[in-house]
Number of protein chains: 2
Amino acid sequence: MEDEVRWLSTQEQASWRAYLRGTRLIATALDEGLTKHGTRLTEYEILSMLSEAPGGRLRMSALAQLVVQSRSRLTHTATRLERLGWVQRHAVREDRRGVELSLTPQGRAVLEELATVHVSDVRRILLDRLTPEEFAALGHAMTRVVDSIDVTEGDC
Amino acid sequence: MEDEVRWLSTQEQASWRAYLRGTRLIATALDEGLTKHGTRLTEYEILSMLSEAPGGRLRMSALAQLVVQSRSRLTHTATRLERLGWVQRHAVREDRRGVELSLTPQGRAVLEELATVHVSDVRRILLDRLTPEEFAALGHAMTRVVDSIDVTEGDC
DNA sequence: GGAATATGGTTGAATAGTCAACCGTTACTC
DNA sequence: GAGTAACGGTTGACTATTCAACCATATTCC
């Protein structure tokens with residue numbers, strides 16, 4: 001029942017602004033890089049997660065959580081990728097409600113192509129603009145946030 | 001003509017992953033907070049920029065750059081906000097191509113409401129999960145990226 | 001073992017965003 | 001000062017995302 005608002009200090013405000021604008025700039029730039037090659041970042045992430053999954057497959061809902069998309073959104077995107085011939089749906093033996101997604105050979109090939117483009121974009125847009133220490137600090141802070149949120153989500 | 005790809009180290013990879021997932025989680029959570037009150041983060045940012053602009057007005061293209069949206073997208077969003085009665089378009093005297101946007105009194109009132117919600121969300125989702133030092137480091141890194149990108153953009 | 005509830009995924013309509021073409025205005029250039 | 005290029009913003013068609021309702025299967029609990 002708190003109704004006093006604790007506003008941000010000038011410092012905090014500046015950091016928050018930089019965060020907001022920075023993440024947008026980075027997302028836009030990376031997306032642009034991939035769009036030239038016929039994908040977007042959100043799709044790339046899906047392909048990438050699939051390629052690293054044990055067995056090369058992931059349940060729809062697990063994948064949705066990994067890439068932070070709604071199940072509905074993933075359904076639509078998966079359909080799109082399936083039409084492109086990059087991924088494939090499979091029924092799950094143990095749970096007949098379930099669906100698993102995997103890369104097709106073609107999908108894997110596309111991903112390998114894209115990966116080289118994408119990695120160099122990530123370097124150019126983010127890593128090369130920071131010292132190793134600065135980037136490590138960024139990674140550290142974001143890791144803390146992610147871990148903390150993941151825990152909190154659990155007990156809703 | 002470089003064609004050897006410098007992949008990310010394990011450390012770098014981990015940081016990058018955390019960044020990607022973290023930014024998504026944060027964006028989703030903040031958006032959810034505002035959605036309950038009838039807006040989304042991208043709209044909120046527009047209102048917020050307008051409220052702080054000298055004279056309470058901004059040119060469409062300047063605003064688009066500030067919030068990192070395409071001019072087209074801003075046109076659509078502005079139309080929506082205008083229909084809600086939150087913002088207003090004005091012709092620009094000196095440049096008859098130009099359009100300026102400003103908050104209506106109602107828009108200002110809505111923003112003040114939303115701001116309290118939003119600030120406490122930002123604290124809950126981000127600030128409270130980090131030490132002041134960690135958050136400062138995050139802000140520092142993002143500031144460096146933003147500044148660096150802003151410079152680069154200039155000479156395209 | 002059968003009703004109630006929860007989970008996993010899909011659907012389709014409504015909303016938001018992208019993309020390329022466009023129009024009016026302003027700025028160069030010769 | 002006429003022609004051309006650049007700028008600022010909008011438009012409309014297309015694509016992507018959200019949202020709420022839904023179906024089928026699993027799980028819980030009495």
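Keep in mind that this is a model prediction, so the values were computed, not measured. Letters go in sequence order (proteins before strands), and every chain restarts at 1.
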- request: Nearest whole angstrom, please: distance from the C1' of D:dC19 to the CG of B:D31.
  value: 14 Å
- prompt: Looking at CZ of A:R21 and CG of B:D150, how far apart are the two atoms once the value is rounded to the nearest 0.5 Å?
  reply: 4.5 Å
task: Pick base, sugar-phosphate or nothing for A:S61, based on heavy-atom distances below 4.0 Å to the nucleic acid.
output: sugar-phosphate
message: Taking 4.0 Å as the cut-off, does a side-chain nitrogen or oxygen of A:R80 come that near to OP1 or OP2 on D:dT17?
response: yes
task: Take the protein atom CZ of A:R71 and the nucleotide atom P of D:dC22, then report the distance between them rounded to whole Å.
output: 16 Å
message: Rounded to whole Å, how long is the line connecting atom CG of A:L41 with atom P of D:dA16?
response: 15 Å
message: What is the separation between atom CZ on A:R89 and atom P on C:dG8, rounded to the nearest whole Å?
response: 16 Å
Minimum-distance nucleotide (side-chain atoms of B:R97 versus D:dT10, D:dA24, D:dG8): D:dG8
- prompt: Base, sugar-phosphate, or nothing: which does A:R96 touch, judged by heavy atoms less than 4.0 Å apart?
  reply: sugar-phosphate
statement: Note: for A:R93 and A:E43 on DNA chain D, the residue whose nearest nucleotide lies more 5' is A:E43
message: Once you apply a heavy-atom cut-off of 4.0 Å, does A:T35 come out as touching a base, just sugar-phosphate, or nothing?
response: sugar-phosphate
task: Starting from C1' on C:dT15, measure out to CG on B:L81 and report it in whole angstrom.
output: 14 Å
task: Ignoring backbone atoms, establish whether A:R73 has a side-chain N or O less than 4.0 Å from OP1 or OP2 of D:dT17.
output: yes
- request: Spell out yes or no: do the side chain of A:H76 and the base of C:dG12 have one donor N/O and one acceptor N/O closer than 3.5 Å?
  value: yes
- prompt: To the nearest angstrom, how far is B:E100 atom CD from D:dG8 atom P?
  reply: 13 Å
query: Is a side-chain donor or acceptor of B:D31 paired with a backbone partner of B:L41 at a separation under 3.5 angstrom?
result: yes
message: Can you see if the side chain of A:R59 gets near the phosphate of C:dT7 - specifically, an N or O under 4.0 Å from OP1 or OP2?
response: no
query: Rounded to the nearest 0.5 Å, what separation is found between the CG atom of B:L138 and the OH atom of B:Y19?
result: 9.5 Å
query: When you measure from the side chain of A:D95, which nucleotide among C:dG8, D:dT18, D:dA16 comes out closest?
result: C:dG8
query: For A:R89, does the CZ atom sit with more than 12 other heavy atoms under 6.0 Å from it, leaving out its own atoms?
result: yes
Whether over 12 other heavy atoms sit under 6.0 Å from B:Q106 CD: yes
- request: Remember a base hit wins even if backbone is also touched, and classify A:S72 as base, sugar-phosphate or nothing at under 4.0 Å, heavy atoms.
  value: base
message: Rounded to whole Å, how long is the line connecting atom CD of A:Q65 with atom P of C:dG9?
response: 11 Å
statement: Walking DNA chain C from its 5' end, the first of A:T75 and A:R40 to be reached, judged by nearest nucleotide, is A:T75
- prompt: Given atom CD of B:Q69 and atom P of D:dG9, what is their separation to the nearest angstrom?
  reply: 14 Å
